[in-house]
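Note sheet for the following structure.
Letters A, B, ... are given to chains in the order of the sequence lines, protein chains preceding strands, and every chain is numbered from 1. In this text, all values refer to a predicted model and were calculated from it rather than measured experimentally.
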Number of protein chains: 2
Amino acid sequence: MFSENMVCRVSLLSVVTVAVGAVPYPPPQPDPFPAYYSTHWIEQPTDHFNALNHDTFKQRYLVNSTWWTGPPAPIVFYSGAEGSGIQDIFAHSGWVLELARNLSAMAVFGEMRFFGGSVPFSEPFERLPSRLGLLNVEQTIADYAMLIEAVRSANGADASPVISVGGSLAGTLTTFLRLKYPSIVDMGIASSAPILGYEGLSDQYAWNRVATQTFDKQAPGCSDMVRRGFSALLSATPGELKTAFNTCTPPTKDTASSLSAQLIGQLAAMAESSYPAAISPVVAACEAISTRSGAGMFNPLLVTPGECLDINETFDPSSSDLAWDYLSCTEIVHPIATNNITDMFPPENETSSADWCQYFFNVTPRVSWMPESMGMARLQDFAKQTSHLIFSNGLQDPWSTQSVTQSLSDTLVAVNIIDGSHHSDLGGSMNPVPSAGDSDTLRAAREEEIRLLREWLPEAVHARAPRLDRQTVLV
Amino acid sequence: MFSENMVCRVSLLSVVTVAVGAVPYPPPQPDPFPAYYSTHWIEQPTDHFNALNHDTFKQRYLVNSTWWTGPPAPIVFYSGAEGSGIQDIFAHSGWVLELARNLSAMAVFGEMRFFGGSVPFSEPFERLPSRLGLLNVEQTIADYAMLIEAVRSANGADASPVISVGGSLAGTLTTFLRLKYPSIVDMGIASSAPILGYEGLSDQYAWNRVATQTFDKQAPGCSDMVRRGFSALLSATPGELKTAFNTCTPPTKDTASSLSAQLIGQLAAMAESSYPAAISPVVAACEAISTRSGAGMFNPLLVTPGECLDINETFDPSSSDLAWDYLSCTEIVHPIATNNITDMFPPENETSSADWCQYFFNVTPRVSWMPESMGMARLQDFAKQTSHLIFSNGLQDPWSTQSVTQSLSDTLVAVNIIDGSHHSDLGGSMNPVPSAGDSDTLRAAREEEIRLLREWLPEAVHARAPRLDRQTVLV
């Protein structure tokens with residue numbers, strides 16, 4: 001009933017940066033910024049909103065206090081999101097440490113529940129209200145609110161403002177944390193945070209339009225090649241596919257559409273990693289496919305030389321994949337589709353995702369709850385709801401189409417990086433640490449972010465200073 | 001292990017106005033303000049924070065659109081709390097309709113989950129995470145956020161600002177609703193809302209100090225009588241108690257302390273209902289006990305003439321009592337104690353409540369979660385967290401000691417009513433509807449509240465007017 005195609009379709013939503021298959025990348029910088037931390041654990045309720053549920057779990061967080069000068073110097077808190085673990089996020093978010101150093105701040109990286117080592121239940125996660133049902137944005141930001149207060153308390157840092165930061169979903173979490181716990185989180189940087197990625201707030205075709213534009217920007221004419229490649233792929237006979245991709249087993253009638261879905265996700269994700277240009281997977285992929293033609297044009301993206309291509313891979317998600325898929329079926333439901341007009345991909349709409357979510361998790365995406373409960377449905381008066389947030393975006397990143405790229409007030413400031421990619425200001429898989437080779441525009445954006453935080457910090461420090469033990473009752 | 005005494009101790013926390021036992025009250029005004037409404041129901045998730053829980057329940061709400069002139073005229077939303085049902089709250093909140101009339105607003109009264117007709121589960125409520133565990137402040141304000149958006153949608157009233165109002169816990173809910181859903185609730189009146197009634201934010205003895213002051217204000221010297229009454233009661237022999245209270249069965253060694261606990265709750269609650277002075281139960285009670293002396297001084301408060309006093313009443317709470325007790329053991333944990341120095345009652349501390357909560361519900365009050373997660377722990381910068389709230393208090397009301405009685409900003413305004421009692425501005429059991437006999441101070445307070453709302457409304461209307469379809473993406 002549900003083909004692998006649909007599974008791949010859903011995984012397209014993943015914001016995890018996907019590395020291009022067999023294209024030989026330039027290796028990461030050999031001399032990374034010193035990324036060291038101490039690991040800590042905090043006991044959290046598995047359900048913050050149910051006093052009769054006494055279950056707890058251990059949540060992991062990483063701390064680097066090297067540069068912290070004590071209160072009221074700030075705490076930079078990374079509101080971790082999905083992925084294989086917070087240590088990986090730490091490793092590719094080098095600028096967050098740079099930021100901490102710059103502000104004499106403590107750096108704390110929180111790990112999202114159900115990911116990495118912060119797993120409330122034994123795996124695999126059962127599809128029950130008392131298990132996977134406890135994975136959501138509200139529980140996650142409640143975890144972080146408690147974690148931040150615990151860190152403040154343990155360090156006598158009640159006077160220290162907290163700057164929450166995060167890229168991608170972590171940036172969305174930073175936004176929501178600031179919105180819902182303004183007494184705990186004083187300001188934030190939401191980098192490439194798709195808070196507007198909800199029905200009615202974003203054009204579902206914009207995401208792949210920008211992906212396509214990024215391909216043509218970094219490799220002029222590449223989108224035409226890609227179009228030809230998909231056209232050839234989808235009209236290929238099983239025999240042609242066998243030859244083109246050296247499949248381990250004979251292709252079936254579904255093989256072409258399955259490979260197509262996989263390639264859409266893979267190619268589009270390259271646009272997310274398109275900074276720095278010198279090592280962009282977009283450039284590498286376009287070069288690789290330019291040497292081929294016909295159905296096998298995408299061979300270099302899928303096939304490891306000397307090996308056959310396994311087209312019978314079963315859907316056997318890891319726990320973190322499953323947790324991510326669940327999120328993308330419930331609250332993190334970002335509309336992404338293709339139309340082959342404004343983008344280079346075969347047309348594909350989103351309806352299959354909802355069917356798949358129903359089938360696989362027995363959930364229907366509750367598309368209006370996030371924008372209504374978090375206020376994005378009323379973006380026009382967002383400035384009356386919150387303040388002191390930086391929304392940064394790399395404009396080569398498809399996610400910029402679902403993010404805030406215009407300032408909404410003096411303290412809700414958009415920072416756009418024309419040659420930036422997915423959370424490239426904080427760091428990413430292709431630029432894990434700040435580098436001497438960083439572009440002028442990226443440097444300027446980072447400087448602007450630091451300038452804004454420095455401008456906002458004195459008021460936050462003042463506001464946190466003890467003034468009243470409590471109000472004086474007049475009676 | 002746990003005596004009835006402790007049960008009574010817990011019920012002291014109840015904010016439900018308790019009528020004095022056998023004292024003949026003047027009847028309520030014979031010509032009540034026309035209290036009519038239509039009854040509606042909305043389907044709500046039993047758990048807003050768990051996509052795998054598909055259970056729903058029907059939540060009741062009452063609507064009066066008599067005076068509404070359509071959008072952008074506002075919606076006055078009463079954020080109902082505990083009690084026997086929203087129709088009772090409606091009936092004693094007459095000024096809320098007056099407010100709606102004054103502002104050409106629609107009046108909507110929401111009924112809190114687990115109370116009245118808005119019961120998610122069959123009774124009695126089981127002490128399980130999947131049952132009583134779903135009763136809390138977070139679920140309740142999520143209900144109201146969804147209800148308000150549904151009402152707006154059904155009435156084409158997206159442009160209408162919502163003014164949330166509530167008295168007592170309902171006022172606390174109004175505050176939290178505005179804090180957590182600022183895009184949905186534009187402003188509010190939190191009347192007699194004990195949002196500061198948490199450990200470290202309020203003096204636990206203040207509540208009964210004000211109760212005692214109210215007694216002496218309305219019946220000079222009464223507190224001395226009450227002290228003598230408790231002294232005689234607690235030193236009485238079983239034989240003396242039998243005579244003094246005409247008990248149906250012979251008193252035991254626990255009878256005196258049990259009656260004492262019951263009387264503390266009963267007397268203190270009278271201060272909550274001490275407006276209007278002309279029919280104050282405080283005055284009536286003080287007159288009644290002034291005719292007696294010795295252990296039997298409190299006889300008129302407990303014994304119905306011609307009947308014996310049942311001292312063996314078992315603890316058999318109604319569903320709504322149970323739901324309230326659960327709230328008062330989890331999130332609505334207001335510190336109230338007596339010391340017999342600043343108050344007229346026998347000394348009693350609060351520790352027994354925590355023991356009882358553990359015993360009866362297997363919960364430990366999570367005392368820091370509400371002030372931390374809702375921001376009262378940082379009252380000093382509450383004005384940076386929220387805005388456009390009126391905190392009104394009757395200063396004869398003991399709850400005023402746990403409420404905001406000093407303005408915190410231009411738009412977080414305290415309105416104090418020197419001769420007012422518990423949510424007497426909205427209406428109460430003794431003044432269910434506005435009356436020609438209302439005091440000048442109460443009238444002035446109501447006028448000030450309307451003036452503030454009128455001042456705030458144009459900006460809220462402007463903010464809600466459509467300006468941008470969505471932001472323009474710069475790419």
Side-chain angles (χ1 to χ4, degrees), chain A residues 47-54 127-130 132-134 136 138-139 142 145-146 149 180-184 196 201-202 206 210 213 329-331 361-363 366 372-373 375 377-382 384-386 395 400-401 404-406 416 463-464 466-468 470-475, chain B residues 47-54 127-130 132-134 136 138-139 142 145-146 149 180-184 196 201-202 206 210 213 329-331 361-363 366 372-373 375 377-382 384-386 395 400-401 404-406 416 463-464 466-468 470-475:
Chain A
D47 191 341
H48 289 276
F49 312 117
N50 196 315
L52 288 173
N53 184 339
H54 302 293
R127 294 159 183 74
L128 295 172
S130 59
L132 206 48
L134 294 170
N136 55 51
E138 291 88 346
Q139 299 283 359
M146 289 195 70
E149 287 303 90
K180 296 297 185 190
Y181 299 98
S183 69
I184 294 175
L196 303 180
L201 295 176
S202 286
V210 166
Q213 288 168 350
C329 277
T330 50
E331 295 183 332
F361 290 113
N362 188 26
V363 295
R366 203 171 157 200
E372 279 187 4
S373 69
R378 299 203 57 76
L379 186 70
Q380 60 194 91
D381 53 355
F382 214 55
K384 292 172 67 77
Q385 303 165 38
T386 189
L395 297 187
S400 64
T401 61
V404 175
T405 50
Q406 284 188 329
N416 296 327
R464 295 197 68 84
R467 281 201 305 273
L468 298 169
R470 62 151 288 186
Q471 64 158 1
T472 311
V473 175
L474 290 181
V475 287
Chain B
D47 191 341
H48 289 275
F49 312 117
N50 195 315
L52 288 173
N53 184 338
H54 302 293
R127 294 160 182 73
L128 295 172
S130 59
L132 206 48
L134 294 170
N136 55 50
E138 291 89 346
Q139 299 283 0
M146 288 195 71
E149 288 303 271
K180 296 297 185 190
Y181 299 97
S183 69
I184 294 175
L196 303 180
L201 295 177
S202 287
V210 166
Q213 287 168 350
C329 277
T330 49
E331 295 183 332
F361 290 113
N362 188 27
V363 295
R366 203 171 156 198
E372 279 187 3
S373 69
R378 299 204 56 78
L379 186 69
Q380 60 194 91
D381 53 355
F382 215 55
K384 292 172 67 76
Q385 302 166 39
T386 189
L395 297 187
S400 64
T401 61
V404 174
T405 50
Q406 285 188 329
N416 296 327
R464 295 197 69 84
R467 281 201 304 275
L468 297 169
R470 63 151 288 188
Q471 64 158 3
T472 311
V473 175
L474 290 182
V475 287

Per-residue contact mode, [X] against chain B (heavy atom under 4.5 angstrom):
X	answer
A/Glu372	both
A/Ala206	neither
A/Thr330	side chain
A/Glu138	side chain
A/Leu132	both

Could you check whether any side-chain heavy atom of B/Lys384 comes within less than 4.5 Å of a side-chain heavy atom of A/Arg464, counting everything from C-beta outward?
no

### Query
Under 4.5 Å between any side-chain heavy atoms of A/His48 and B/Phe49, yes or no?
no

Tell me the closest heavy-atom pair linking [X] and [Y], and the distance in Å.
X	Y	result
B/Thr405	B/Asn416	O-ND2, 3.0 Å
B/Val363	A/Ala51	CG1-O, 3.6 Å
A/Gly375	A/Phe382	O-CD1, 3.7 Å
B/Thr401	B/Ser202	O-OG, 3.7 Å

Are the side chain of B/Asn53 and the backbone N or O of B/Asp47 linked by a donor-acceptor pair below 3.5 Å?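 It does not hold such a pair.
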
Could you look at [X] and say if it's the side chain, the backbone, both or neither that has a heavy atom under 4.5 Å from chain A?
X	result
B/His54	side chain
B/Ala377	neither
B/Gln385	both
B/Leu134	both
B/Asn136	side chain

When rounded to the nearest 0.5 angstrom, what is the spacing between CG in B/Asn362 and SG in B/Cys329?
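B/Asn362 CG to B/Cys329 SG: 11.0 Å, rounded to 0.5 Å.
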
With a 4.5 Å cut-off on heavy-atom pairs, point out which of B/Ser373, B/Ser183, B/Ala142, B/Ser130 contacts chain A the most.
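Most heavy-atom pairs under 4.5 Å with chain A: B/Ser183.
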
